[in-house]
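Notes follow once the structure below has been shown.
All values below were derived from every heavy atom in this structure, side-chain atoms included, with hydrogens, water molecules and symmetry-related copies excluded.
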Amino acid sequence: MAKKTYVLDTSVLLTSAVSVYSFGNNDIVIPLKVLEEIDKHKKRQDSVGSNARNVIKIFDELREKGNINKGVKIGEGFGKLQVFQIPEDDWDLPKELDKKVPDHIILQTALSYSKSMSNPTRMIMVSRDINMRVISDSIGLKSESYDPDVAISNREEVFKGWREVLIDDEIIDRFYSNEEIYIDEEEHPNINTNEFLMLISNINDKRTALARFVSYEQGIKHVRKFDSGLFGFNSRNKEQSYALDLLTNDDVKVVSLIGRAGSGKTLCALAAGLEQTLGNPRERNKEPRYTKMIVSRPVQPMGRDIGFLPGTLEEKMEPWLAPVRDNLQYLLGNDQMMVQDYLERGMIEIEALSYIRGRSIANAYIIIDEAQNLTRHELKTIITRVGEGTKIVLTGDIEQIDNIYINETSNGLVHAVEKFKSYEVAGHVTLIKGERSEVATLGAKIL
């Protein structure tokens, strides 16, 4: 196979510091402008900053092997890496593309380098920036994306956490009679632990039953019902019932909920958290399961030092946690003073994700809202803080991602769903139906 030359954009190196080892025996060109762009991010306290610092270290190690201006062998089995700059008075881009824009300088560097190649068609511009790839193709440069960390190929492949199962009508009667019902693995293969099943009669599709699968060797379980609700919250559809079943299951330590705006994912998580942290007023003799509820969500961009904002930690986080506070007030009867009281007593705690590293959190109920804005590395940092007796709940909407370095297929929430789905300690539910209001549901659907 003919050797290729890959020109790497800043976004590639900030996504993965070791991306230079992803192109085999092919050569890599780093535009000089990319080094300047990387330098701007090295002080960030998030995964982007970490990648920036690590990339600089890798380049420094290569520099010691030889002259990176002329090209240095990356290692055995790899091609060479060269830092290239635009020759003086060399500018071939159309006049519509401003010379001061970093992306345009990087593209011109690629064009300039291609002039030194015997076969310029073997050069490929690599970028995670969609528009940069479009411009690249528009000026005659081949381009491709760099997606080293995808959990799925497209968002439709995300594990839903539930499925419909067609069964004999009499089995539904037996299930409601509390008989042990087992699922045949040959008829229904690849069902994951804690996946929910909607049993549908084969003679009347209106006859159904909701169940939770444990294993092929164990009978399916009834989805728990909460006749009086959880802190006044009652499920409005089967997906919310599935979610509440997982959220109140002591054996399930990691719960993920994905759903569009208004589907009730955060409300379900908070209601179950309040019930198990503050206790049910109707069961005063029963000790709460957890000592406190910790709530947080990413500050965008993730890891930016919130010390620049005035006030205490809670005051700094307030703008980001306002939606959570709104839901808490709703569940607590719109009593703002009661919410504040629980916060002051430490029963509800606001945690900044920026400072979670190094903690070990035991006997707590943790909610990470908007988890779709976390990278896999950031989510790993959070989950590895979970101590004994702690449950962690991840909620988010993978269609609303604000972090420019991840997408629907590579964000931390999707990775958690896909990696944990086969383990007994985890469960997932994708909520479909909007329940906030008719307007919110319509807006999520048509906009």
Requested in this report: Please test Ile106 against Met132 for side-chain contact (heavy atoms from CB on, under 4.5 Å), starting from the C-alpha separation and ending with a verdict.
Outcome: CA-CA 10 Å; Ile106 292 169; Met132 187 164 186; 3.6 Å; yes
Query raised in the report: Is a side-chain donor or acceptor of Asp168 paired with a backbone partner of Ile171 at a separation under 3.5 angstrom?
Result: no
Query raised in the report: Side-chain contact, heavy-atom cut-off 4.5 Å: Val55 with Leu14?
Result: no
Requested in this report: Would you tell me whether Asp369 and Thr395 have side-chain atoms, one donor and one acceptor, within less than 3.5 Å of each other?
Outcome: yes
Query raised in the report: Shortest non-hydrogen contact from Leu413 to Leu379?
Result: N-CD2, 4.0 Å
Query raised in the report: Is it the case that more than 12 heavy atoms not belonging to Lys225 sit under 6.0 Å from its NZ atom?
Result: no
Query raised in the report: Would you say the side-chain atoms of Asn363 and Thr291 include a donor-acceptor pair closer than 3.5 Å?
Result: no
Query raised in the report: Heavy-atom count around Glu157 CD within 6.0 Å, excluding the residue itself: above 12?
Result: yes
Query raised in the report: Would Ser127 and Asp129 count as having a side-chain donor-acceptor pair, cut-off 3.5 Å?
Result: no
Query raised in the report: Does the side chain of Val165 come within less than 4.5 Å of Phe213's, by heavy atoms?
Result: no
**Report entry** Check: Leu270 and Phe231 side chains under 4.5 Å, non-hydrogen atoms
**Finding:** no
Query raised in the report: His428 vs Phe159 aromatic rings, parallel, tilted or perpendicular, using cut-offs 30° and 60°?
Result: tilted
Report task. Could you tell me whether Lys433 and Glu239 make a salt bridge, using a distance below 4.0 angstrom between a side-chain N and a carboxylate O? Result -> no
Query raised in the report: Counting distance only, does the side-chain N/O of Thr390 pair as donor-acceptor with the main-chain N or O of Ile361 below 3.5 Å?
Result: yes
**Report entry** Donor-acceptor pair, side chain of Asp245 and main chain of Val223, under 3.5 angstrom
**Finding:** no
**Report entry** Heavy atoms of other groups near Lys419 NZ, more than 12 under 6.0 Å
**Finding:** no
**Report entry** Non-hydrogen side-chain atoms of Asn403 and Thr375 separated by less than 4.5 Å
**Finding:** yes
Requested in this report: Any chance you could lay out the salt bridge (charged side-chain N to carboxylate O under 4.0 Å, His left out) test for Arg207 and Asp173, step after step, and finish with the verdict?
Outcome: CA-CA 10 Å; Arg207 292 203 68 208; Asp173 290 327; 2.6 Å; yes
Requested in this report: Please assess Arg297 against Ile368 for the test side-chain contact (heavy atoms from CB on, under 4.5 Å), listing each intermediate value before the final yes or no.
Outcome: CA-CA 5 Å; Arg297 66 204 310 241; Ile368 306 298; 6.0 Å; no
Query - Separation of Asn327 CG from Thr266 OG1 (nearest 0.5 Å) - result: 6.0 Å
Requested in this report: For the pair Tyr146 and Asp9, evaluate side-chain contact (heavy atoms from CB on, under 4.5 Å) and give the outcome as yes or no after the intermediate values.
Outcome: CA-CA 10 Å; Tyr146 178 75; Asp9 176 33; over 6 Å; no
Query raised in the report: Where do Phe233 and Ala271 come nearest, in terms of heavy atoms and distance?
Result: CB-CB, 3.8 Å
Query raised in the report: With a cut-off of 6.0 Å (strictly less than), are more than 12 heavy atoms of other residues, nucleotides or ligands near OH of Tyr330?
Result: no
Report summary line: Interatomic distance, OG@Ser16 vs NE2@His377, rounded to 0.5 Å, equals 12.0 Å
Query raised in the report: What closest approach, in Å, do Phe175 and Ala211 show between heavy atoms, and which atom pair accounts for it?
Result: CZ-CB, 3.7 Å
Report summary line: Residues Gly427 and Val252: closest non-hydrogen pair is N-CG1, 3.7 Å
Query raised in the report: Is there a side-chain contact between Phe196 and Leu210 (heavy atoms, below 4.5 Å)?
Result: no
**Report entry** Rounded distance [0.5 Å steps], CD in Glu37 versus OG in Ser11
**Finding:** 10.5 Å
Report task. Kindly determine whether Glu418 and Ile152 satisfy side-chain contact (heavy atoms from CB on, under 4.5 Å), including the steps that lead there. Result -> CA-CA 8 Å; Glu418 294 299 318; Ile152 50 176; 3.8 Å; yes
**Report entry** Thr10 OG1 to Ile38 CD1 distance, which is reported to the nearest 0.5 Å
**Finding:** 6.0 Å
Query - Donor-acceptor contact below 3.5 Å, side chain Ser410 vs main chain Ile406 - result: no
Requested in this report: Would you check if the side chain of Arg224 reaches a backbone N or O of Thr248 as a donor-acceptor pair within less than 3.5 Å?
Outcome: yes
Query - Heavy atoms of other groups near Leu32 CG, more than 12 under 6.0 Å - result: yes
**Report entry** Under 3.5 Å: donor-acceptor pair, side chain of Lys73, backbone of Phe78
**Finding:** yes
Report task. Side-chain contact test, heavy atoms from C-beta onward, threshold under 4.5 Å: evaluate it for Met125 versus Arg133 and give yes or no. Result -> no
Query raised in the report: Where the side chain of Lys33 meets the backbone of Ile105, is there a donor-acceptor pair that is under 3.5 Å apart?
Result: no
Query raised in the report: Under 6.0 Å from the CD atom of Glu388, do we count more than 12 heavy atoms belonging to anything else shown?
Result: no
Query - Check: Gln218 main-chain N/O paired with Glu180 side-chain donor or acceptor under 3.5 Å - result: no
Query raised in the report: Do you see a donor-acceptor pair shorter than 3.5 Å between the side chains of Tyr342 and Thr277?
Result: no
Requested in this report: Return the minimal non-hydrogen interatomic distance between Leu166 and Ser201, and the atom names on each side.
Outcome: CD1-O, 3.6 Å
Query raised in the report: Is the backbone N or O of Asn334 less than 3.5 Å from a side-chain atom of Gln336, with the two atoms forming a donor-acceptor pair by type?
Result: no
Query - Geometric class of the Tyr242/Trp162 ring pair [parallel <30°, tilted 30-60°, perpendicular >60°] - result: tilted
Query raised in the report: So, does Glu164 use its side chain to make a donor-acceptor pair with the main chain of Ile200 at under 3.5 Å?
Result: no
Report summary line: Rounded to the nearest 0.5 angstrom, the CG-CD distance for Asn25 and Glu76 is 10.5 Å
Requested in this report: State, with a plain yes or no, whether a side-chain heavy atom of Arg260 is found less than 4.5 Å away from one of Glu399.
Outcome: yes
Query raised in the report: Quick one: are the ring centres of Tyr216 and His188 less than 6.0 Å apart?
Result: no
Requested in this report: Can you sort out the partners of Asn190 under side chain to side chain contact (heavy atoms under 4.5 Å, CB included), two or more places apart, ordered by chain and number?
Outcome: none
Query raised in the report: Among side-chain atoms of Asn178 and His222, is any donor-acceptor pair under 3.5 angstrom?
Result: yes
Query raised in the report: Quick one: do Asp147 and Arg128 make a salt bridge, cutoff under 4.0 Å?
Result: yes
Query raised in the report: Does Lys57 pair with Asp60 as a salt bridge, N-O distance under 4.0 Å?
Result: no
Report summary line: Heavy atoms of Lys4 and Asn26 approach each other most closely as N-OD1, 2.8 Å
**Report entry** Residue pair Ile366 / Ile382, side-chain heavy-atom distance below 4.5 Å
**Finding:** no
Query raised in the report: In Å and rounded to the nearest 0.5 Å, what is the CG to CG distance from Asn373 to Asn411?
Result: 8.0 Å
